[in-house]
Amino acid sequence: MALAGALAAACGSNTGRGGGGSGPALSQWYHQYGEPGTQQAVKRYAAAYKKADVTVQWRPGDYDRQTAAALLTDSGPDVFEVNGPLLDQIQGGQVADLTDVVAPVRSDFNQAVLAPKIWQDKIWGIPQTVDTQLLYYRKSLLKDAGVQPPQTVDALVDAAKKLTTSKVKGLFLGNDGGVGVLGGTPLFAAGLSLIGEDGKVGFDDPAAARVLAKIRQLYADKSLLLGAPTDWSDPAAFVQGLTAMQWSGLWALPQIKKALGDDFGVLPFPKDGTGGRPSVPVGAYASAVSARSRHKAAATAFAKWLWVDRTDFQQDFALSYGFHIPARLSLAKQAGQLQDGAAADAVRFATEHGYAEPLLWTTADRNAYQDALSRIIKDGANPESELKAVVRKVDAELQRVKKK
Amino acid sequence: MTKSDHQMRDDTAATLPARLLGPQRRNLWFWVFVGPFAIGLALFTYVPLLWSVYLSFFNAHNTVNPTDFVGLGNYTAMLSDDAFLSSLGTFLLFTAFIVPATYALSLSLALMVNRLRFAQAFFRSVFFLPTACSYVVASLIWKLSIFNGVRFGLANTVLGWFGVDQTAWLSTTSPPWYWLVIVTVRLWLQAGFYMILFLAGLQRISPQLYEAAAMDGARPGWQVFRHITFPQLRATSVAVVLLLVINAFQAFDEFYNLLSDARGYPPYARPPLVYLYYTALGRDQNLGLGSAGAVILALIIAMATVVQARWFGLGRKED
């Protein structure tokens, strides 16, 4: 296989693996996007590249696991999108350095989502599009209940309680009560962070326990919708009237607008306490190049061509199928779909209040924090002692990754 | 084969290749038939198993060729990991409940079906059918239609007729309703299979024993069951309990499909296999730590099996 690949590269011959280009054969991986048309679009982009023969692999199922396993072998992708790259992938030498590729347009990227792609001043992935999450609320239901759109976490707890009836719940944070999706969002709302600027644990503070106790209050009040057929990422529960408010992604906006017209609004996660601020999680899938690729230079050139040079494709990818904010500031400004109504609010929230999970926040940290969050929200465990255990764990994990 | 035959063969075919082939080329044929399986077993079971033991002594994040030797570090980390220890507790609790429950349910089904005068084959098939259903499919039905948390879920609809509030079966930890969902799906899936085993056992009991008991004045019902049926089912019972325990050890499918979501798995009802799956194969890719956990789990299972075999006198001659 390796020999065949090398020969093909040497001759510059078309290997006939689909695609339009000649030159080395590259494979590019995407996870399965739900929106129709995305798959055809990414194949069209790949076919338009002439300097290599790019084959797109569209991979349904557990994408993170598939790439993690494939990167251990020689038969993995050359270019792939990744919900990361994670720190352990970077430190393990699994992804190639893309600093030079991004450098000319570095300032044009949304800095919040670019930051977690940087380790030791090098850039390891090119952000593709920005995804964000918001609080959707049903205007008519809030009006009927005499509730104002909540601007603080306390108001959110009150509103959710007032909006809850025997048929409709006040708020939907996912079937696990918000454990999975909230992550650091309440901590940011309380003016804290996951990992501080100084590289230390960012929530070793009484305010953290206070805000998480309020999320517990939502659960204890029975204001939360639980056990819905679809989870938080799908707007079905909100659209079907199972809940008056729902935390979901920006991607759900077109569907909600189609179903409810103007009867909805969006909010950031409200602030908590005096040091608080509204909180909006943002993140980006990045395009990365495998360090084990046989054609690393060609793969890097392709990634640059698609995710740095071809702004028309980037715009098309972000907005023609799903509903994402382009990762490039110049493109986000041009996008007509993002100029008015709830979409414009959403973009403003993401720009003003957006926070991304830092690179140092590893999977082990997230698991420990989520377990604690689940015990706080569902079992009513003491937030202070639970958080103390998490802080210890995160401290140890920080020691581990900094040692390398 | 006569003695002179042997003599002749030994004399004429004393060369090394011939000796390797064995009489009538038996060795050759042995390897032709056994070889593919042996190679497969070695390649896909023993090599990964030994590799996993090897990995457990290394700091192996995102790699299967680690260089950072940590000795027993992963083992001490795993044994002092609250989440792993609580997963072992979860698993013990689950086994302690599911094994007796399935045993009792399938035995009672078998006793009932066995007494039927008509339509026995029909009921036998009906109770056996769920065995043919996949754990994944059944879990999804349980999660999405029977025990979903909204008002139109089957369980909530039925409870709603009696004016009971809707319950979020899988998300509620106090009381831990999720156990009801997990246990019922497994009972439904496996009770029928063990019922068949018990039926076979019941049909092997000699009618003369019952006749003799009746002559001796044993009352039909509990007394006959206690002194004739149950002791006579001993061999079947041992097999059933062993299989049930092994199945409980392997519990993964219904837990994973009922409780996991895109963002992970809750800290409750998390058996060791699910926990290790997330540690080693999730985004974490901590293969060293995961392997250490797997080795610990394998040792526990091995010990439990040995104890069980001793307890039941497995392998001893039937008396």
Side-chain angles (χ1 to χ4, degrees), chain A residues 62 64-65 68-69 71-73 83-84 86-94 166-169 174-177 179-183 219 222 224-233 237 240 242-243 362-364 366-368 370-375 377-380 389 393 396 400-401 404, chain B residues 59-68 70 73 77 81-83 86 140 143-145 147-153 155-156 160 163 165-174 176-178 181 259-268 270 275 277-287 289:
Chain A
D62 195 332
D64 290 340
R65 252 180 214 122
L71 290 175
L72 298 175
T73 72
N83 190 6
L86 305 172
L87 184 54
D88 282 312
Q89 289 177 325
I90 296 170
Q91 290 184 332
Q94 293 190 313
S166 62
K167 297 277 179 203
V168 181
K169 289 288 189 181
N175 286 323
D176 55 4
V179 173
V181 68
L182 284 182
Y219 183 90
K222 296 190 187 298
L224 293 181
L225 175 65
L226 298 166
T230 52
D231 216 345
W232 63 272
S233 58
Q240 289 168 10
L242 296 174
T243 176
T362 64
T363 312
R366 184 178 305 113
N367 291 345
Q370 268 193 25
D371 283 3
L373 200 55
S374 174
R375 285 190 284 264
I377 294 180
K378 293 190 176 181
D379 305 346
K393 172 103 190 171
R400 174 181 78 82
V401 295
K404 285 195 187 170
Chain B
N59 176 8
H61 276 86
N62 296 64
T63 177
V64 287
N65 305 307
T67 49
D68 181 8
V70 292
D81 179 359
D82 290 339
S86 93
L140 290 180
K143 177 182 186 168
L144 297 179
S145 62
F147 286 108
N148 77 31
V150 290
R151 56 179 187 260
F152 48 75
N156 280 332
D165 255 357
Q166 63 194 48
T167 305
W169 301 97
L170 286 166
S171 317
T172 312
T173 53
S174 54
W177 284 119
Y178 51 86
V181 185
L259 286 168
S260 78
D261 59 37
R263 293 297 180 113
Y265 195 93
Y268 52 85
R270 179 166 59 187
Y275 183 65
Y277 178 68
Y278 276 96
T279 305
L281 304 174
R283 273 165 66 86
D284 216 7
Q285 288 286 309
N286 194 342
L287 298 168
L289 199 59

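A note on names: the letters A, B, ... follow the listed sequences, proteins ahead of strands, and every chain is numbered from 1.
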Undergrad: Within the structure provided, determine whether A/L86 and B/H61 are in side-chain contact (heavy-atom separation under 4.5 Å).
TA: no
Undergrad: For the atom pair CD (A/Q91) and OG1 (B/T63), what is the distance rounded to the nearest 0.5 Å?
TA: 13.5 Å
Undergrad: Locate the shortest heavy-atom distance separating B/T172 from A/Y219; write the atom from each residue and the value.
TA: CA-OH, 3.6 Å
Undergrad: Side chain, backbone, both or neither: which part of B/F147 has a non-hydrogen atom closer than 4.5 Å to chain A?
TA: neither
Undergrad: Go through the atoms of A/D231 and report whether side chain, backbone, both or neither lie under 4.5 Å from a heavy atom of chain B.
TA: side chain
Undergrad: Side chain from CB out, backbone as N, CA, C, O: work out which of these in A/Q94 comes under 4.5 Å of a heavy atom of chain B, or both, or neither.
TA: side chain
Undergrad: Report which part of B/L287 has an atom under 4.5 Å of a heavy atom belonging to chain A: side chain, backbone, both, or neither.
TA: side chain
Undergrad: Quick check for you: among B/P267, B/A168, B/G153, which has the greatest number of heavy-atom pairs under 4.5 Å with chain A?
TA: B/P267
Undergrad: Quick check for you: among B/V64, B/T279, B/T173, which has the greatest number of heavy-atom pairs under 4.5 Å with chain A?
TA: B/T173
Undergrad: Ignoring hydrogens and angles, state whether a donor on the side chain of B/Q285 or A/D88 is under 3.5 Å from an acceptor on the partner side chain.
TA: no
Undergrad: I'd like to verify something: which residue of A/R375, A/K167, A/K169 has the highest number of heavy-atom pairs under 4.5 Å with chain B?
TA: A/K167
Undergrad: Please classify the contact between A/L71 and chain B as side chain, backbone, both or neither, with a heavy-atom cut-off of under 4.5 Å.
TA: neither
Undergrad: Between A/N175 and B/K143, is a side chain to side chain contact (heavy atoms under 4.5 Å, CB included) present by the stated rule, with each step listed?
TA: CA-CA 11 Å; A/N175 286 323; B/K143 177 182 186 168; over 6 Å; no
Undergrad: Heavy atoms only, distances under 4.5 angstrom: which of B/A83, B/P266, B/S171, B/S145 has the most pairs with chain A? Name it, please.
TA: B/S171
Undergrad: Once rounded to the nearest 0.5 Å, what's the spacing between atom OG1 of B/T167 and atom CG of A/L226?
TA: 10.5 Å
Undergrad: Any Lys/Arg nitrogen of A/K393 or B/D82 sitting under 4.0 Å from an Asp/Glu carboxylate oxygen of the other?
TA: no
Undergrad: Can you tell which part of A/T230 gets under 4.5 Å to a heavy atom of chain B, answering side chain, backbone, both or neither?
TA: neither
